[in-house]
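Structure first, commentary second.
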Amino acid sequence: MSLQAYKGVWVFIEQRDGVIAPVSLELLGAGRKLADKRNVPLAGILIGDEVGKLAPVVIEYGADIVYLYDDPIYHDYRTESFMKAVIDCVEKHKPEIFLYGATSTGKDLASAVATDLATGLTADTTMLDVDVETGLLEASRPAFGGNIMATILCKKHRPQMATVRPKVMKALAPDKKRTGGIIAESLYIREEDLRTKVLKIVREASDKVRLDEADIIVAGGKGLGGKEGFEMISQFAKLIGASVGASRDAVEAGWMDHHHQVGQTGVTVTPKIYFAIGISGAIQHIVGMQNSGMIIAINKDPNAAIFQSCHYGIVGDAFEIVPLLTQCFAQVLQ
Ligand code: FAD
C-alpha cells in the first residue's frame, strides 16, 4: 500500500463513564493545527457504549469527522475490543497521523495497535509538527535523561502514531456552530472471542493529589533539607489553596510521596502559579512545569538554573522567605 493512500489526522477520543478525557480535547486542538497545515480533515475515533452524545462535542472541539463505534461490547475498556475497532477503522479510512493521550489507556491501546499494524509509535511526545510537503509527523520528546529533545520520524509506515502527554497541548475553545460528519461504524465482535472479561470495577479510595488539575502548586526540592521543610511549604500551600509538588530528589529522599513528583518521570503540570522552592532547575524538572502561567522561584544560589526558567525569582533562604510569605498572605487573606 502506497504511503500516499493515507490521508488525514486522527485523535483517539478517550472517554470514561461518558466523559471525554481532557487530553483528547487537547489533542483535537493540536490535531487541528496539523490537519490545517496539511490541508486534510481532522477526525476523532470514539468507542464506547451509549457514547453517541459525545460525538457533537468532538466536533465542537475541532474535528471534521467522528468515527463512532457504539456498542455494549465496548462498555468497559479492553485492549482487545478497542484495538479491533481501531484497526478496523484504520484499515477502512487510512489516516496518515494518529494521536493518543499518554494516559494508561492511550498508551496501552496505541502500543497494541502499533504492533498489530507494524507501524511506528512515539511515546510521551511533548511537541508535534508536520512537514507540509512530505506529511512526515515530527514528534518530539525528551531523550537521554531529558538532556536533549529528540524529534522522531516514521518514514516508511503509516499511520504515524504518537502518544502525547496530558496538559502539554491546548484545547480549542468549543464552538457550538462547528459542523462535521458523524459516521456510525460497526464491527461484529463476539464476547466469547474476547479473552478478557471485566468482572468488577473497584474504584480506588485515594487521597492522591491531582497535581495536573491544580491552579496553584507550591513545589519543594532538596534545598528544603527534609520533611520539616515540606511541612513548612505545606502550611503555606494550605493557606493559599495550593497543592504541594516535589522534585525527584526530594521524593527519592523519602520526604514526599511519588504522586507529588513534577517532571519528566513525574507529572506534567500547568497551574496558573508555580512556586519552585529549593529546586535547582534541572531540565528533567523544567519539562514538567515550564508551561505554568507564572513561575516564582526561591533559591539561595543566585546562579541556580531555575532563575533562567522563572518569571519572578527571589534569591534567599527558603526558611526565611517562606515564613515571611505565609505571614503576609495570612494577613491579606484574613
Ligand atoms: P538539587 O539539584 O540538589 O537542588 C537543590 C537546590 O536547592 C539548589 O539549587 C540549592 O541552591 C537550593 N537550596 C539549598 N538550600 C536552600 C535554602 N535553604 N533555600 C533556598 N534554596 C536552597 N527531577 C525532577 O524533579 N523530576 C523528574 O521527573 C525527574 N526525572 C528524571 C529523569 C531522569 C532520567 C534523570 C536522569 C533525572 C531526573 N530528575 C528529575 C532529576 C533531576 O536531574 C535533578 O537531579 C533533580 O530535579 C534535582 O532536584 P532538586 O532541584 O530538588 O535538588
Side-chain angles (χ1 to χ4, degrees), residues 102-104 107 122-127 140-150 152 163-168 208-214 217-237 242-271 273-292 295-328:
T103 58
S104 41
K107 287 181 183 182
T122 304
D124 275 328
T125 308
T126 54
M127 275 195 303
S140 303
R141 53 156 297 155
F144 295 110
N147 289 319
I148 59 158
M149 288 296 283
I152 295 162
T163 61
V164 181
R165 278 193 169 205
K167 292 273 186 179
V168 177
K208 273 183 200 164
V209 278
R210 289 303 313 255
L211 278 184
D212 54 345
E213 290 173 3
I217 293 175
V218 177
K222 205 67 191 290
L224 289 181
K227 285 192 176 169
E228 303 71 35
F230 272 89
E231 273 160 30
M232 173 180 77
I233 67 161
S234 299
Q235 223 180 341
F236 174 51
S243 298
V244 178
S247 71
R248 187 167 94 168
D249 285 22
V251 168
E252 283 183 347
W255 304 340
M256 286 302 274
D257 188 85
H258 176 69
H259 297 116
H260 294 264
Q261 185 179 317
V262 173
Q264 187 188 320
T265 40
V267 193
T268 303
V269 297
T270 49
I273 308 174
Y274 187 89
F275 286 90
I277 306 177
I279 293 177
S280 57
I283 181 71
Q284 296 90 352
H285 189 83
I286 300 296
V287 292
M289 43 65 93
Q290 62 192 352
N291 292 328
S292 305
I295 299 169
I296 302 167
I298 303 171
N299 197 304
K300 69 179 186 187
D301 174 5
N303 298 316
I306 191 74
F307 290 128
Q308 306 299 318
S309 303
C310 68
H311 300 94
Y312 296 98
I314 302 172
V315 179
D317 188 334
F319 292 92
E320 284 172 27
I321 311 284
V322 176
L324 276 177
L325 285 176
T326 311
Q327 209 182 338
C328 291

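Every heavy atom of this structure was used, including side-chain atoms; hydrogens, water molecules and symmetry mates were not. We're numbering straight along the sequence, starting at 1. In listed order, ligands and their atoms are each counted from 1. Quantities reported herein were computed from a predicted structural model and do not represent experimental measurements.
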Atoms of ligand 1, numbered as shown, that sit under 4.0 Å from any heavy atom of [X]:
X	result
G221	52 (O)
G263	26 (N), 27 (C), 28 (O)
G316	19 (N), 20 (C)
G266	28 (O)
D301	11 (O)
D317	17 (C), 18 (N), 19 (N)
S247	25 (O), 49 (O), 50 (P), 52 (O)
T265	27 (C), 28 (O), 29 (C), 30 (N), 31 (C), 32 (C)

Any [X] side-chain heavy atom under 4.5 Å of [Y] side chain:
X	Y	result
I233	L224	yes
D124	K107	yes
I306	I286	yes
L325	I298	yes
Y274	V262	yes
N291	K167	no
R248	Q284	no

Contact between G220 and ligand 1, counting heavy atoms under 4.0 Å?
no

Pick, from [options], the option with the minimum heavy-atom distance to [atom].
atom	options	value
atom 35 (C) of ligand 1	R248, Q264, H258	R248
atom 21 (N) of ligand 1	K300, E320, Q284	K300
atom 13 (N) of ligand 1	A297, G223, G229	G223

Do the ring planes of F230 and W255 sit parallel (below 30°), tilted (30 to 60°) or perpendicular (above 60°)?
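Tilted: the ring planes of F230 and W255 meet at 30° to 60°.
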
Taking atom CD of Q235 as the centre, report whether more than 12 heavy atoms of other residues, nucleotides or ligands fall under 6.0 Å from it.
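No, because the 6.0 Å sphere around CD of Q235 holds 12 heavy atoms or fewer from other groups.
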
Using the side chain to side chain contact (heavy atoms under 4.5 Å, CB included) rule, take H259 and V267 through it: C-alpha gap first, then chi angles, then the decisive distance, then the call.
CA-CA 8 Å; H259 297 116; V267 193; over 6 Å; no

Applying a heavy-atom cut-off of 4.0 Å, say which part of V262 lies close to ligand 1: side chain, backbone, both or neither.
backbone

Structural part of A282 in contact with ligand 1, heavy atom criterion under 4.0 angstrom
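Answer for A282: side chain.
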
Using a 3.5 Å cut-off on N or O atoms only, is G278 in polar contact with ligand 1?
yes

